[in-house]
Amino acid sequence: MVVLAKGELEQIALPAAVQKAAVPLADVPEVDLAAAGGGDVRGREAVARAVVAACEGHGFFKVTGEGVPTELLARVEDAAAAFFALPQLEKEAATATAAAAAPGSPFGYGSKRIGSNGDLGWVEYLLFGVTAAGTAALSVPGEEASSLPPISDSLRDLLDEYIVAVRAMACEVLGLMAEGLGLEERDVFARLVLDKESDSMLRVNHYPPRPELKQSAAGPHGRLTGFGEHTDPQIISVLRSNDTSGLEISLRDGSWAAVPPDRNSFFVNVGDALQVLTNGRFRSVRHRVMVSSLRPRVSVIFFGGPPPQERLAPLPSLVEEDGGRRRYREFTWREYKASAYRTKLAENRLCHFETAAHD
Ligand SMILES: C=C1C[C@]23C[C@@]1(O)CC[C@H]2[C@@]12CC[C@H](O)[C@@](C)(C(=O)O1)[C@H]2[C@@H]3C(=O)O
Ligand SMILES: O=C(O)CCC(=O)C(=O)O
Ligand SMILES: [Fe+2]
C-alpha cells in the first residue's frame, strides 16, 4: 500500500484559499459523428469544420453519435469499479508482472503517485500499453513482452473490446480533422494511431470520494487535486467518465472551467503531438481533475500515439498557410516521449521543441 510521507497530503490537498475556482464550461463544443457518417457530403463537411473549430478553440470537445455500444460502456464502468473495490494488496498483486514491475515502467496499478517525478494526486489507476491487436498490455510493443496482465479476465476482455471501438472512433475523428483542415492526405493523423507500432495507451482512473472533512488538509471548502494540471503528450485522447464531476480545462485566458460530466458522451483532447503536426493551429489543452465530490469518479482514457520511430514535424501545407513559419523542429516520438517523461506533470513540454521566431 502507498503510504504518503508527512507533508505529501498537503501537496494534494491545497488549502481553499490558494485554489483558483473554476466556473462551469457553458459552451462545450459538441460533435455528432452520426451526422458525419450518413453519406451526406454537406453534413460531413459541416462536422469536419466544427471539429477543426473546436481544436483551434479549446482543444477540447464532446463527441456523440459514435456508435460504441452503451452496454459495453456500462460493463467497462462496472468492471473498473469492481477492480478498484478490491483490497489494496490484491490490486497491487493483480498487475505485478515482470514488465510492469520493471524500473521506469509506467504500466500497471498505481495509487497517488503519478509518473516517476514526484507528482501526487487523489487517484488510483491502471495504465496499459495498447498492442496492434487492440489489447491492453503491460509492456509496449517492441519491448520486453509480458504475459497478459493477470487482472480479472472479464475486465481485460472488456478493455480489449473497448480499445478496438474507441480507437476506431478516435481515427474517425482524426480523419475529420484532416478533412476540415483541407489536407490532401486524409489519413495523415489516423494512420499514426492505426500503425501496428503505434504507441497508444489506455488508462483507467478512479478518484475516491474526498476524505472526511475533519481529516482533510484542504479544509471544509477546499478541493483535492485528483490529477494535476497537464497536457497529454500524444496525438489525441478520448475520455469517458461516469457522472461525477472533476474534469477542468484551462481556457486561453488562463482561467479554469469545469466540464459538466456526461456519462453518455466521449470527450476528446488535442494532445501535444497534434499541436506540433498542425504547426500550433490546434491547441493541446491543459486540463486537470479536482476532487470535491463525495461520489467516486471513474474515467477511462485512450491516448492515441504514433510509433516510436515516427518523425513528427509541422505539416508543410500548414506551415505554408502560416506564412512559412515553422513553429516546431522535427523530432521522433521516442525523443519527445523520453523528454516528456522526465518532466513533472504541470511542465510545458513543447517549449523545448519550439523554433526561434525567425526560423
Ligand atoms: C508526470 C508524468 C506522468 C506522465 C508522464 C509524466 O512524466 C509527464 C506526462 C504524464 C502523462 C499525462 C497523460 C497520460 O496520463 C500519461 C500516461 C502520459 O502519457 O503522459 C501520463 C504519464 C504517466 O502517468 O506516466
Ligand atoms: O481522469 C480524468 O478524468 C482525466 C485524467 C487525465 O487527464 C489523464 O489521465 O491524462
Ligand atoms: Fe490528461
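Start at 1 and go down the list; that is how both ligands and their atoms are numbered.
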query: Leu127, Leu86: one ILVMFWY side-chain cluster at the under-4.5 Å cut-off?
result: yes
query: If you measure from CG on Asn117 to CZ on Arg342, what distance do you get to the nearest 0.5 Å?
result: 10.0 Å
- request: Determine, using ring centers only, whether Tyr336 and Phe353 are less than 6.0 Å apart.
  value: yes
- line: Contact region, Tyr125 to ligand 2, non-hydrogen atoms below 4.0 Å, reads neither
- prompt: So, Arg44 and Glu179, do they make that salt bridge, N to O below 4.0 Å?
  reply: yes
query: Atoms of ligand 2 less than 4.0 Å from Ser299 heavy atoms?
result: 1 (O), 2 (C), 3 (O)
query: Which of the listed options, Glu229, His230, Arg203, holds the heavy atom that is closest to atom 6 (C) of ligand 2?
result: His230
- request: Please say whether Arg342 places an N or O atom under 3.5 Å from an N or O atom belonging to ligand 1.
  value: no
- request: Mark up the atoms of ligand 2 that fall under 4.0 Å of a heavy atom belonging to Tyr207, in ascending order.
  value: 1 (O), 2 (C), 4 (C), 5 (C)
- request: I would like to know whether Glu248 and Arg223 meet salt bridge (charged side-chain N to carboxylate O under 4.0 Å, His left out); could you show each step before the answer?
  value: CA-CA 13 Å; Glu248 299 182 357; Arg223 300 182 301 163; 2.5 Å; yes
- prompt: For ligand 2, which atoms, with element, lie under 4.0 Å from some heavy atom of Asp232?
  reply: 10 (O)
query: So which heavy atom in the protein is nearest atom 5 (C) of ligand 2, and how far is it from that ligand atom?
result: Asn205 ND2, 3.3 Å
message: Which residue and atom name correspond to the protein heavy atom nearest atom 3 (O) of ligand 2, and how close is it?
response: Arg297 NH2, 2.7 Å
- prompt: Do the rings of Phe267 and Phe60 sit parallel, tilted or perpendicular, given the 30° and 60° boundaries?
  reply: parallel
query: Any salt bridge between Glu185 and Arg191, counting N to O under 4.0 Å?
result: yes
task: Tell me, please, which residues at least two apart from Ala133 pass side chain to side chain contact (heavy atoms under 4.5 Å, CB included).
output: Thr131, Thr135
message: Residue-level breakdown please: for Val123 versus ligand 2, do any non-hydrogen atoms fall below 4.0 Å on the side chain, on the backbone, on both, or on neither?
response: neither
query: Can you find a non-hydrogen atom of Lys337 under 4.0 Å from ligand 1?
result: no
query: Regarding Arg288 and the six-membered ring of Trp256, is the cationic atom NZ or CZ under 6.0 Å from the ring centre and inside 45° of its axis?
result: yes
- request: Any chance you could lay out the side-chain hydrogen bond (donor to acceptor under 3.5 Å, both in side chains) test for Gln275 and Tyr328, step after step, and finish with the verdict?
  value: CA-CA 9 Å; Gln275 178 166 323; Tyr328 303 94; 2.8 Å; yes
field: Sub-4.0 Å heavy-atom approach of Glu347 to ligand 1
entry: no
query: Does a sphere of radius 6.0 Å around CZ in Arg252 hold more than 12 heavy atoms from other residues, nucleotides or ligands, not counting ones at 6.0 Å or beyond?
result: yes
field: Arg203, any N or O under 3.5 Å of ligand 1 N or O
entry: yes
statement: Near the Fe ion (ligand 3), meaning under 2.8 Å, the protein N/O/S atoms are His230 NE2, Asp232 OD1, His287 NE2
query: When you check the gap from the basic side-chain N to the acidic O, do Glu354 and Arg329 get nearer than 4.0 Å?
result: no
- prompt: For ligand 2, which atoms have a heavy atom of Val289 less than 4.0 angstrom away?
  reply: 1 (O), 2 (C), 3 (O), 4 (C)
- line: Judged by heavy atoms only, the candidate from Tyr125, Tyr341, Phe128 nearest atom 16 (C) of ligand 1 is Tyr341
- prompt: For atom CD of Glu320, is the number of surrounding heavy atoms from other residues, nucleotides or ligands below 6.0 Å larger than 12?
  reply: no
- request: May I ask whether Phe303 has any heavy atom positioned less than 4.0 angstrom from an atom of ligand 2?
  value: yes
statement: At under 4.0 Å between heavy atoms, what of His287 touches ligand 2? The answer is side chain
message: With respect to Arg349, determine whether any N or O atom, backbone or side chain, lies less than 3.5 Å from an N or O atom of ligand 1.
response: no
message: Suppose we measure from atom 12 (C) of ligand 1 to each protein heavy atom; which comes out shortest, and what is that distance?
response: His230 CD2, 3.6 Å
field: Under-4.0 Å salt bridge between Glu310 and Arg334
entry: no
- request: Before accepting this row, confirm whether a basic side-chain N of the pair Arg49/Glu56 lies closer than 4.0 Å to the acidic partner's carboxylate O.
  value: no
message: For the 3.5 Å polar cut-off, considering only N or O atoms, please tell me whether Thr343 and ligand 1 meet it.
response: yes
